[in-house]
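Working notes, beginning with the structure itself.
In what follows, chains are A, B, ... by sequence order, proteins preceding strands, each numbered from 1.
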Amino acid sequence: MTHTQSSPERYDPAAVEARWQRRWRERQTNATDLSGAVRPYYNLMMFPYPSAEGLHVGNVFAFVGADVHGRFRRLQGWDVFEPIGFDAFGIHSENYALKVNTHPAELIPRNIARFREQLTRVGLMLDWDHEVQTTDPRYYKWTQWIFLKLFEAGLAVKKKAPVNWCPECKTVLANEQVIDGRCERHPDTPVTQRFLEQWFFRITAFTERLLENLQRIDWSESTRLMQTNWIGRSEGAELVFRTEYGTPIEVFTTRPDTVFGATYMVLAPEHPLVQVLTTDERREEVDAYRRRAAAMDVVTRRVGEKEKTGVFTGATCRNPATGEQVPVWIADYVLMEYGTGAIMAVPAHDERDYAFALTFGLQIRQVVEPPAGTPVDAPAPRPDVPPLYTGWEGTLVNSERFDGMTPTDAVPAITEWLESQGAGKKRVQHRLHDWCISRQRYWGPPIPIIYCAHCGTVPVPEVDLPVELPPLEDFRPDESGVSPLARNEDWYQVPCPTCGGDARRETDVSDTFLDSAWYFLRYPSSDFDDRPFDPTLTDKWLPVDSYIGGNEHAVLHLMYSRFITMALHDLGHLAFEEPFTRFRAHGMIVKDGAKMSKSRGNVVIPDEYIARWGADTFRMYLMFLGPYQEGGDFRDEGISGIRRFLDKVWGLVNAATFEGGEITAPTMRKLHQTIRGVAEDLEELRYNTAIAKLMEYVNVLRGKGSDDASVPDVCSELLEPLVVMLAPLVPHFSEECWERLRHDTSVFDASWPVFEAGLAEEDHVELVVQVNGKVRGRVSVPVGIAHEDAIRRALQLESVKRFVEDRPLRKTIYVEDRLVNLVV
RNA sequence: GCCCGGGUGGCGAAACUGGCAGACGCAUGGGACUUAAAAUCCCUAGGGGGCAACCCCGUGCGGGUUCGAAUCCCGCCCCGGGCACCA
């Protein structure tokens with residue numbers, strides 16, 4: 001049955017991995033025949049920014065998880081396309097280049113070379129024939145082309161707007177890049193506001209579709225939620241208050257039911273009507289306040305719960321519900337970018353208005369009475385003032401004919417009533433803003449626009465693309481608010497494409513997120529220079545079947561990619577409007593419970609581990625340390641367990657018998673249960689439990705529990721399925737084992753073992769026997785035994801009899817093949 | 001403040017739809033092999049009690065529903081993430 005090996009060959013990962021990587025390269029194992037594929041499967045991973053530090057463990061974790069998925073799909077018979085590229089434009093690269101005082105054009109190729117080496121070493125099934133680099137003019141030609149298409153469609157517009165300015169980056173930032181009022185790249189630097197002419201993509205034209213489609217795409221729930229919140233849909237009404245001269249001031253409110261309690265109004269300091277409304281005697285004070293607000297940085301202005309400030313304009317407006325004249329104020333707690341930039345203040349039922357009214361002694365009128373016993377949000381500070389109550393429960397008071405209604409019923413009733421007087425209508429408001437894509441920096445694709453004194457804003461003709469980024473010695477940004485390209489007259493002075501007269505190029509470059517918003521469209525078509533994406537190949541391969549990446553891109557990259565795809569769809573360039581059919585967010589790898597960072601000094605360098613343990617052991621360890629979609633804590637002690645496991649498999653494979661030995665029924669059952677379980681787990685990216693099941697199977701094969709220390713002889717029939725199931729996780733190792741099991745083709749040309757339900761079924765199960773809900777014994781019974789029989793068997797147990805005694809059974813519960821519970 | 005996710009042995013974790021809590025692995029202890037060590041193999045391993053068969057307690061805390069709760073409900077505490085003067 002068993003034999004002791006004379007001199008067992010040790011598993012040497014370095015040798016095995018070098019050998020198979022060479023062979024994969026020679027045999028083109030990982031190259032996909034894009035036009036010939038029969039069952040195309042597009043397996044995408046988020047392409048990296050090629051930093052000078054090289055691949056991070058977090059990257060490796062992300063990529064390996066995606067690679068395991070791709071390899072699993074391949075074994076299931078799909079023609080898997082697993083491409084990779086490099087996202088090398090942008091502030092990140094440029095800032096680093098400035099720091100080390102080397103041109104990014106020189107740094108990036110070096111970094112990319114290092115990344116290629118590392119990615120290959122990890123053993124990813126990447127098709128290098130379709131690599132893309134966003135910094136390649138062959139690529140960004142088409143990034144510029146997308147800009148032109150959006151421009152033609154009126155989806156790229158230039159407008160003067162208050163924008164986020166990072167004094168450190170010396171450029172504007174998209175709202176998505178501002179975190180806590182600070183630049184995402186410079187957490188110590190508050191973002192300031194500037195009023196600049198910028199190019200915007202009208203993502204807000206797609207808001208409702210971006211929101212609705214979230215219902216029907218198979219994405220991680222967490223990611224969909226983040227996008228939903230980011231879009232920030234609010235239902236309410238737009239109401240009109242008029243000045244004594246009849247000038248309308250529109251306000252947006254989610255609580256039209258409280259309009260009878262609107263005792264004053266507030267406009268944003270930047271609101272265009274402020275000029276018109278302010279009375280002469282108030283003008284000086286109002287102007288001073290507006291100047292202060294304009295100069296204020298975003299943090300100080302945006303941080304909530306600070307003292308409310310504001311100034312009375314001297315004007316009054318008529319509340320359309322009560323007919324009263326109410327004072328009009330300006331205050332910085334009202335934001336110009338949201339709603340109409342003006343609000344009706346209902347101090348009794350809004351926290352901010354309440355604080356403001358108390359500060360400035362404005363009238364507070366309760367119009368919603370909370371039901372008895374419902375806590376209010378803030379007790380009344382004085383007897384003559386009502387408490388603050390922001391809830392939706394209760395009844396309306398002081399609201400004339402609407403008194404007694406619930407707020408929920410009053411919303412449509414009051415909205416319709418005001419609408420009949422031309423003073424309001426239903427409205428939906430979103431938090432999402434247009435995407436500002438201008439960057440006053442050097443390291444990006446120039447925006448393909450030319451300004452001509454005669455012809456105005458002229459798009460660069462398609463035949464002139466790409467507008468190449470000129471090599472600039474000094475690419476340092478400055479305070480001027482314009483790009484370093486604006487210092488290069490030779491470059492920006494061009495004839496107008498329309499009239500031939502003197503004209504000037506746009507000197508801003510576009511946001512890096514535009515580069516990455518379409519790279520997945522380019523991969524299959526990377527060979528074509530005359531089209532961004534070939535219609536036939538695009539039809540065949542897109543949308544992406546599986547996309548795996550980090551949730552840090554939930555609202556940036558993933559939202560922009562959806563928008564660009566949707567826009568290109570509407571313009572007739574794509575047949576689909578959602579780019580990623582399935583998206584899964586992976587978790588984060590932490591070290592000692594904390595996020596890895598250079599400042600903490602807890603960064604794990606993957607190379608050292610791969611050198612010491614081999615890529616396969618490292619891959620499998622990463623997949624085992626926690627649920628893939630949650631991430632986990634990196635502890636190096638755990639790696640040895642994986643290595644021990646691979647050594648055991650190695651031992652079994654090298655002692656395999658080929659003549660077809662006897663296979664016991666329990667072993668066969670375990671095999672088929674494993675085939676089913678592992679497939680289910682891999683399908684759902686539950687890599688840690690898939691590995692546990694493979695370990696269990698190996699324990700069975702090794703006859704764990706027997707005291708025989710030698711390696712048992714196991715027939716190849718039991719080992720082949722194991723090796724195939726291991727292949728997605730440990731590809732080199734599995735190839736080597738496959739060969740030793742006397743195969744001369746790649747294990748990835750094999751197919752996933754077939755699950756046979758009949759072989760997995762047990763004929764007996766162990767029923768748990770409870771008495772009054774407590775486990776008192778177990779009994780082995782045939783599968784599917786009848787209720788009465790199960791009870792009878794249970795009652796025969798001594799341990800059960802003792803607890804039942806002579807008492808009659810009041811009730812019996814039988815869960816088939818699981819348990820019986822006797823209630824006495 | 002609002003919206004998610006989480007809290008289970010010494011540690012990472014598992015547990016289908018409410019049905020044996022702790023699979024799998026790490027570390028630890030004991031044993032085998034060895035002159036010895038490493039490697040390897042075997043056993044034990046939530047806490048407490050008992051010579052033992054067994055018994056009691058136990059999934060962040062306090063209540064509840066249920067024959068039965070890590071899982072469902074109510075009220076809290078702590079950790080992680082997202083949003084945040086968004087009307």
Return the 5'-most residue of the pair A:Asn229, A:Met226 with respect to RNA chain B, ranking by each residue's nearest nucleotide.
A:Asn229

Separation of B:A23 atom C1' from A:Asp681 atom CG, nearest Å, is 12 Å

A:Thr674 side chain to A:Leu694 main-chain N or O, any donor-acceptor pair under 3.5 Å?
no

Under 4.0 Å between a side-chain N or O of A:Arg702 and OP1 or OP2 of B:C41?
yes

Donor-acceptor contact below 3.5 Å, side chain A:Tyr628 vs main chain A:Leu622
no

Please state the P separation for the pair B:A13 and B:C67 - nearest whole angstrom.
36 Å

In whole angstrom, give me the gap between the P atoms of B:A21 and B:C16.
14 Å

Counterpart residues, salt bridge (charged side-chain N to carboxylate O under 4.0 Å, His left out), relative to A:Arg292 (two or more places apart)
none

Pair A:Ser220-A:Asn551, side-chain donor/acceptor within less than 3.5 Å:
no

Across the strands shown, which category fits A:Leu819 at heavy-atom distances under 4.0 angstrom: base, sugar-phosphate, nothing?
base

Any salt bridge (charged side-chain N to carboxylate O under 4.0 Å, His left out) pairs touching residues 638-654 of chain A, not counting sequence neighbours?
A:Arg643-A:Asp647

Regarding A:Tyr814, tell me which of base, sugar-phosphate or nothing describes its non-hydrogen contacts under 4.0 Å with the strands shown.
nothing

Distance between C1' atoms of B:G75 and B:U65 (Å, rounded)
15 Å

Specify the separation, in whole Å, of atom CZ of A:Arg584 and atom P of B:G5.
16 Å

C1'-based separation of B:A15 from B:U59 [nearest Å]
11 Å

5' priority, RNA chain B, between A:Met588 and A:Thr253 [closest heavy atom]
A:Met588

Rounding to an integer number of Å, can you tell me how far A:Tyr628 OH sits from B:G5 P?
21 Å

With sugar-phosphate meaning primed atoms plus P, OP1 and OP2, does A:Thr254 contact a base, only sugar-phosphate, or nothing at under 4.0 Å between heavy atoms?
sugar-phosphate

Just the atom pairs and distances: protein N or O near nucleotides 27-31 of chain B's N or O, under 3.5 Å.
unit_1 : atom_1 : unit_2   : atom_2 : d
B:A27  : OP2    : A:Arg644 : NH2    : 3.0

Please pick, from B:C85, B:A87, B:C20, the nucleotide with the shortest atom-to-atom distance to any side-chain atom of A:Val768.
B:C20

Report the residues that fulfil ring pair (Phe, Tyr, Trp, His ring centres under 6.0 Å) with A:His764, sequence neighbours left out, ordered by chain and then residue number.
none

On a whole-Å scale, what distance lies between the C1' atoms belonging to B:G9 and B:C24?
15 Å

Rounded to whole Å, CZ of A:Phe624 lies from C1' of B:G25 at a distance of 4 Å

Mind telling me whether B:G9 is syn or anti, cutoff 90° either side of 0?
syn

Rounded to the Å, how far apart are A:Gln429 CD and B:C86 C1'?
8 Å

I want to check one thing: is the phosphate of B:G25, taken as OP1 and OP2, less than 4.0 Å away from some side-chain N or O of A:Arg635?
no

Does either side chain, that of A:Arg224 or that of A:Gln215, offer a donor lying less than 3.5 Å from an acceptor on the other one?
no

Set of residues satisfying ring pair (Phe, Tyr, Trp, His ring centres under 6.0 Å) with respect to A:Tyr609, sequence neighbours excluded:
A:Phe618, A:Phe634

Suppose you measure atom P in B:G46 against the same atom in B:A23; what distance do you get, rounded to whole Å?
8 Å

Using the salt bridge (charged side-chain N to carboxylate O under 4.0 Å, His left out) criterion, which residues pair with A:Arg776? Sequence neighbours excluded.
none

A:Phe252 and A:Tyr338 aromatic ring geometry - parallel, tilted or perpendicular at 30°/60° bounds:
perpendicular

Length of the NZ-C1' vector between A:Lys670 and B:C24, whole Å:
10 Å

Could you list the residues that satisfy side chain to side chain contact (heavy atoms under 4.5 Å, CB included) with A:Glu766, not counting sequence neighbours?
A:Arg778

Whether the side chain of A:Arg776 and the base of B:C55 hold a donor-acceptor pair under 3.5 Å is what I'd like checked.
no

Only Watson-Crick and G-U wobble pairs, only distances under 3.5 Å, only runs of 3 or more: what stems does that leave for RNA chain B?
B:1-7 with B:77-83, B:10-12 with B:24-26, B:29-32 with B:40-43, B:46-49 with B:54-57, B:60-64 with B:72-76

A:Val820 side chain reached by A:Ile813 side chain, heavy atoms, under 4.5 Å
no

Checking A:Arg352 now: which residues fulfil salt bridge (charged side-chain N to carboxylate O under 4.0 Å, His left out) with it, not counting sequence neighbours?
A:Asp350

Listed partners of A:Lys693 passing salt bridge (charged side-chain N to carboxylate O under 4.0 Å, His left out), at least two apart
A:Asp681

Give the rounded distance in Å between these two atoms: CG of A:Asn551 and C1' of B:G80.
13 Å

Answer yes if the ring centres of A:Phe356 and A:Trp329 are under 6.0 angstrom apart, and no otherwise.
yes

Output the rounded distance in Å from CH2 (A:Trp230) to P (B:C86).
14 Å

Under 4.0 Å between any heavy atoms, over every strand shown, what does A:Ser234 touch: base, sugar-phosphate, or nothing? Just pick one.
sugar-phosphate

Just the atom pairs and distances: protein N or O near nucleotides 66-73 of chain B's N or O, under 3.5 Å.
unit_1 : atom_1 : unit_2   : atom_2 : d
B:C67  : OP1    : A:Lys811 : NZ     : 3.4
B:C67  : O2'    : A:Asn821 : ND2    : 3.4
B:C67  : O2     : A:Asn821 : ND2    : 2.2

Could you tell me how far B:C72 sits from B:G7 if I compare only their P atoms? Round to whole Å.
11 Å

A side-chain contact here means heavy atoms from C-beta on lying under 4.5 Å apart; do A:Ile364 and A:Thr263 qualify?
no

If the P atom of B:A14 is compared with that of B:G29, how far apart are they to the nearest Å?
27 Å

Do any of residues 685-693 of chain A sit with a heavy atom less than 4.0 Å from RNA chain B, and if so which?
A:Asn688, A:Thr689, A:Ala692

